K.L.:
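Before I ask anything, let me first share the structure, which is written out below as structure tokens.
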Amino acid sequence: MNFNMDLYNIYFFIFLAIALLCAWKISVADWRRRIIPDVYLFPLFLIGLIITVFFPWPGNIADSVIAAFAGYILTSLIGFLFEKINNKKGRKYDISPIGMGDIKLISAGGIWLGTTGLAISLVVSCLAGILWGKAKKQKFIPFAPFFIGSGFLTLLILGFLL
């Protein structure tokens, strides 16, 4: 047995376990309190960078960084536009439709999923969130559980297809 290779695999699974724990904590916090704590979000982002750079992963680092940057910018613009449209219509909400936690989560999702995976995950999570919101007749829904669930499924699908 090769000791270095065994240690390499142990580190990989430790990083994945910590990332899964962070994703779980983010989902629970957003579901219960509608907030995504940075204490779990930043380690998820950092572990995504480490895994993408140093371990075999479905995507490459360039694609992941582009996806993270594009996800952050596009989601910020969409949130800004939603807020401006609602303000012009005279609707004042205590919270914005897309919070900064959601924006940072989508950026972290870009690191893990790459451009293709992020696009698939966003479409699936938005559709699932809309269906759940319509079924429960709610105006505001916690986005993180839907995004993390669809991101995990997308990662599995991309892992098998690539």
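Fair warning: this is a prediction, and the values are worked out from it, not measured in the lab.
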K.L.:
Would you compute the distance between atom SG of C126 and atom CD1 of I141 and round it to the nearest 0.5 angstrom?
P.N.:
8.0 Å
K.L.:
Are Y8 and F54 close enough that their ring centers fall under 6.0 Å?
P.N.:
no
K.L.:
In sequence, state the C-alpha distance, the side-chain angles, and the governing distance for F80 and I98, and then conclude on side chain to side chain contact (heavy atoms under 4.5 Å, CB included).
P.N.:
CA-CA 8 Å; F80 178 76; I98 298 175; over 6 Å; no
K.L.:
If you measure from OH on Y72 to CD1 on I111, what distance do you get to the nearest 0.5 Å?
P.N.:
13.5 Å
K.L.:
Within the structure provided, determine whether L44 and L105 are in side-chain contact (heavy-atom separation under 4.5 Å).
P.N.:
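Yes - at least one pair of side-chain heavy atoms lies under 4.5 Å apart.
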K.L.:
Atom OG1 in T52, atom CG in D63: separation rounded to 0.5 Å?
P.N.:
9.5 Å
K.L.:
Among the clusters formed by ILVMFWY side chains lying less than 4.5 Å apart, do F45 and I66 turn up in the same one?
P.N.:
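Shared cluster, no.
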K.L.:
Quick one: does S150's side chain have a donor or acceptor within less than 3.5 Å of a partner on F147's backbone?
P.N.:
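Present.
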K.L.:
Given 3.5 Å as the limit, does a donor-acceptor pair link the side chain of S121 with the main chain of G117, or not?
P.N.:
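Checked: no pair found.
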K.L.:
At what distance, to the nearest 0.5 angstrom, does CD1 of I51 lie from CD1 of I61?
P.N.:
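Those atoms lie 11.5 Å apart.
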K.L.:
Would a single hydrophobic cluster contain both V124 and I157, if residues Ile, Leu, Val, Met, Phe, Trp and Tyr are joined by side-chain heavy-atom contacts under 4.5 Å?
P.N.:
no
K.L.:
In terms of hydrophobic clustering (I, L, V, M, F, W, Y; side-chain heavy atoms under 4.5 Å; direct or indirect links), are Y40 and L113 co-clustered?
P.N.:
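Yes.
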K.L.:
More than 12 heavy atoms of other residues, nucleotides or ligands under 6.0 Å from CZ of F55: yes or no?
P.N.:
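Atom CZ in F55 is crowded, with more than 12 foreign heavy atoms closer than 6.0 Å.
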K.L.:
Minimum heavy-atom separation for A144 to S27, with atom names?
P.N.:
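Heavy atoms only, the tightest pair is O-OG, 4.1 Å.
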K.L.:
Same cluster for W24 and L153 if Ile/Leu/Val/Met/Phe/Trp/Tyr side chains link at under 4.5 Å?
P.N.:
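No, separate clusters.
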K.L.:
Just so I know, are the side chains of W112 and L118 near enough to count as touching, which here means a heavy-atom distance under 4.5 Å?
P.N.:
no
K.L.:
Measuring from atom CG of L20 to atom CD1 of I47, what distance do you get when rounded to the nearest 0.5 angstrom?
P.N.:
9.5 Å
K.L.:
Is there a donor-acceptor contact under 3.5 Å from the side chain of D30 to the main chain of I36?
P.N.:
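No; zero donor-acceptor contacts below 3.5 Å.
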K.L.:
Looking at CD1 of I78 and CD1 of I73, how far apart are the two atoms once the value is rounded to the nearest 0.5 Å?
P.N.:
11.5 Å
K.L.:
Treating W57 as the side-chain partner and G48 as the backbone partner, does any N or O pair qualify as donor plus acceptor under 3.5 Å?
P.N.:
no
K.L.:
Could you tell me whether a side-chain N or O of S107 sits under 3.5 Å from a main-chain N or O of A68, the two making a donor and an acceptor?
P.N.:
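Flag set: sc S107 to bb A68 pair under 3.5 Å.
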K.L.:
Going hydrophobic residue to hydrophobic residue with side-chain gaps under 4.5 angstrom, can you get from F152 over to I148?
P.N.:
no
K.L.:
Less than 4.5 Å apart, any side-chain heavy atom of D102 and any of T75?
P.N.:
no
